[in-house]
Amino acid sequence: MTPYLLIRGGRPLRGEIRVDGMKNAALPILFALILVRDEVTLEDLPPVTDIETTLQILCKMGAETKRLSPNAIRIQTKNVDPDAVPLSLTSTLRGSSYLLGAGLGRFGRIATGIPGGCNFGTRPLDQHFRLLESMGATIECENGILRTTAPRGLHSATVRLDFPSVGATVNGILAAALAEGTTVIANAAREPHIVDLANFLNACGAEISGAGSPCVTIRGVSKLHGTRYRVVPDMIEAGTYLCAACATGGKLRLSNLCPDHLGAVVSPLRKMGAEIVVSEKHLTVERSGNLYGTVLETAPYPGFPTDLQPQFAPLLCLSRGGGRIYERVWKSRFQYTAELCRMGGTVLLADDFADFPGGDRLQGACVRATDLRGGAALLIAGLCAEGETELGEIHHIERGYPDFLKKLTDVGADISKKDEKLTKS
Ligand code: EPU
């Protein structure tokens, strides 16, 4: 029996939600621990399954961990063994590709399963490979296993990425942190998680500059030391709750966030009719009047994030005038729209955009999460739909949203997790 969510829609969300640390920042930081042999304490590690899987990978490789609280952990990777990588576990998440950079940096070699994660069609790693190969690594892929080695050690390089790939930028930073010489990554990803990884490594003694700009420079050092570090708040989790508040016509105060990271999200929400008040570490969102449509186009940071486009879809369905979403990062990120249509949404799909005529009445239905953010979109749709929604395949949502059931019920959502068979299927 796979668990599902029973959502009784139509209740405006009201209250306060604390945003957790960012999954996509915590993942590279956890793999970066392989480079740091000393003890590290990490705080605000989000309690989600992708992070638990990563901790399992590190433990199976020989890391010693002590849980200090649900969100804090002490880890030491002194005894980590590159031959003990649990290959099947690494194939369940995308972030495991970071083992390539970290393994090369610490051991000059590693093997890992082909990374998994959300299914958006093909998810190539050519930019990762080109960057690592230019630093002296060779990479082979055979029988679902990626093997990398640097027979003569890693050396510095200057590389320009074809696309500002988050993963390739992370792998480049990890590989270069302990490599000889100065590595330059041009057209690098600028996401806050890249900045957080650089801040973490610098706190351990690395010499990384330019993170957050298109050009990251890494001067290799001979050793990194332990530290205590707090993971940056999750802009995607925050953006998801902003959308949920607007969709239900509620009022939420979000705490523990970096409003600067949400510029590309706040501005379309305001256009759509939300009132948003921003202070240093808080943000209050309220929507009491009409919802208006808009046009969104995803882009690498600081553009509108692809990881938030699905959560805007229920808003566009309900809006007056409708709108359009152009998806410029992942070609196949509209699978969730088929499920949204089962709830009464109208979505017209083209090659790289989706049109939402708007004016829909969303109604409860039996739907399934297609991926992490698509699942969040259907959850939002369920919260503002008339009647009951049964949302299946919620393991996708659990990969990236810490305590979302408690957080949502605390602000008035009528939502519960059921283990029995879906009744409407
Ligand atoms: N790409 C290539 N070659 C590569 C790498 C990427 O062509 O070698 C292309 C991809 O196919 C895609 C684009 O470049 O079209 C962006 O890929 P990127 O490498 O930036 O993405 P990623 O590192 O695989 C991370 C997040 C994703 C998020 C993207 C974009 C993690 C673990 N994942 O993926 O997060 O969508 O950046 O911001 O950090 C999510 O959290 O729901 C999620 C999917």
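Counting starts at 1 for both ligands and their atoms, following the listed order.
Annotation: D126 places an N or O atom under 3.5 Å from an N or O atom of ligand 1; distance criterion only. On a distance-only criterion, H193 and ligand 1 share no N/O pair closer than 3.5 Å. Among the atoms of L372, none of the N or O lies under 3.5 angstrom from an N or O of ligand 1. For V166, a nitrogen or oxygen atom sits less than 3.5 Å from a nitrogen or oxygen atom of ligand 1, counting backbone and side chain alike. For ligand 1, none of its N or O atoms has an N or O atom of L27 under 3.5 Å away.
Of all atoms in ligand 1, listed by their number and element, those nearer than 4.0 Å to a heavy atom of R333 are 36 (O), 42 (O), 44 (C). Here is the list of ligand 1 atoms found below 4.0 Å of a heavy atom in R94: 24 (O).
For the 3.5 Å distance criterion, the side chains of T49 and E398 fail to qualify, holding no donor opposite an acceptor.
Residue contacts with ligand 1: A189 is excluded, as none of its non-hydrogen atoms falls under 4.0 Å. In this structure, Q309 falls outside the shell of residues with a heavy atom less than 4.0 angstrom from ligand 1. The shortest heavy-atom distance from K23 to ligand 1 is under 4.0 Å.
Side-chain contact check for Y336 versus Q309: some heavy-atom pair is nearer than 4.5 Å. The side-chain heavy atoms of P192 and M22, taken from C-beta on, include a pair separated by under 4.5 Å.
Contacts of V329 with ligand 1, taken as heavy-atom pairs under 4.0 Å, involve both backbone and side chain. Under 4.0 angstrom from ligand 1, the non-hydrogen atoms of Q127 come from both its backbone and its side chain. Only the side chain of R373 comes within 4.0 Å of ligand 1, judged by heavy-atom distances. Of all the heavy atoms of E327, none lies under 4.0 Å from any atom of ligand 1, so neither backbone nor side chain is involved.
With hydrogens and angles disregarded, a donor-acceptor distance shorter than 3.5 Å links the side chain of T248 to the backbone of L13. Judged by distance alone, the side chain of T77 and the main-chain N or O of L33 form a donor-acceptor pair under 3.5 Å.
Across every non-hydrogen atom of A25 and V231, the tightest pair is CB-CG1, 4.0 Å.
The residue among P310, G375, S165 with a heavy atom at the shortest distance from atom 6 (C) of ligand 1 is S165.
With P402 as the partner, the side-chain contact (heavy atoms from CB on, under 4.5 Å) test is satisfied by one option alone out of K23, E237, R18: E237. Residue H128 is tested with T148, T169, N171 for a side-chain hydrogen bond (donor to acceptor under 3.5 Å, both in side chains); the sole match is N171.
The existence of a salt bridge linking R67 and E52 is confirmed by a sub-4.0 Å separation between a basic side-chain nitrogen and an acidic carboxylate oxygen.
The aromatic rings of Y401 and F404 stand perpendicular to each other, their planes meeting at an angle above 60°, with 30° marking the opposite boundary.
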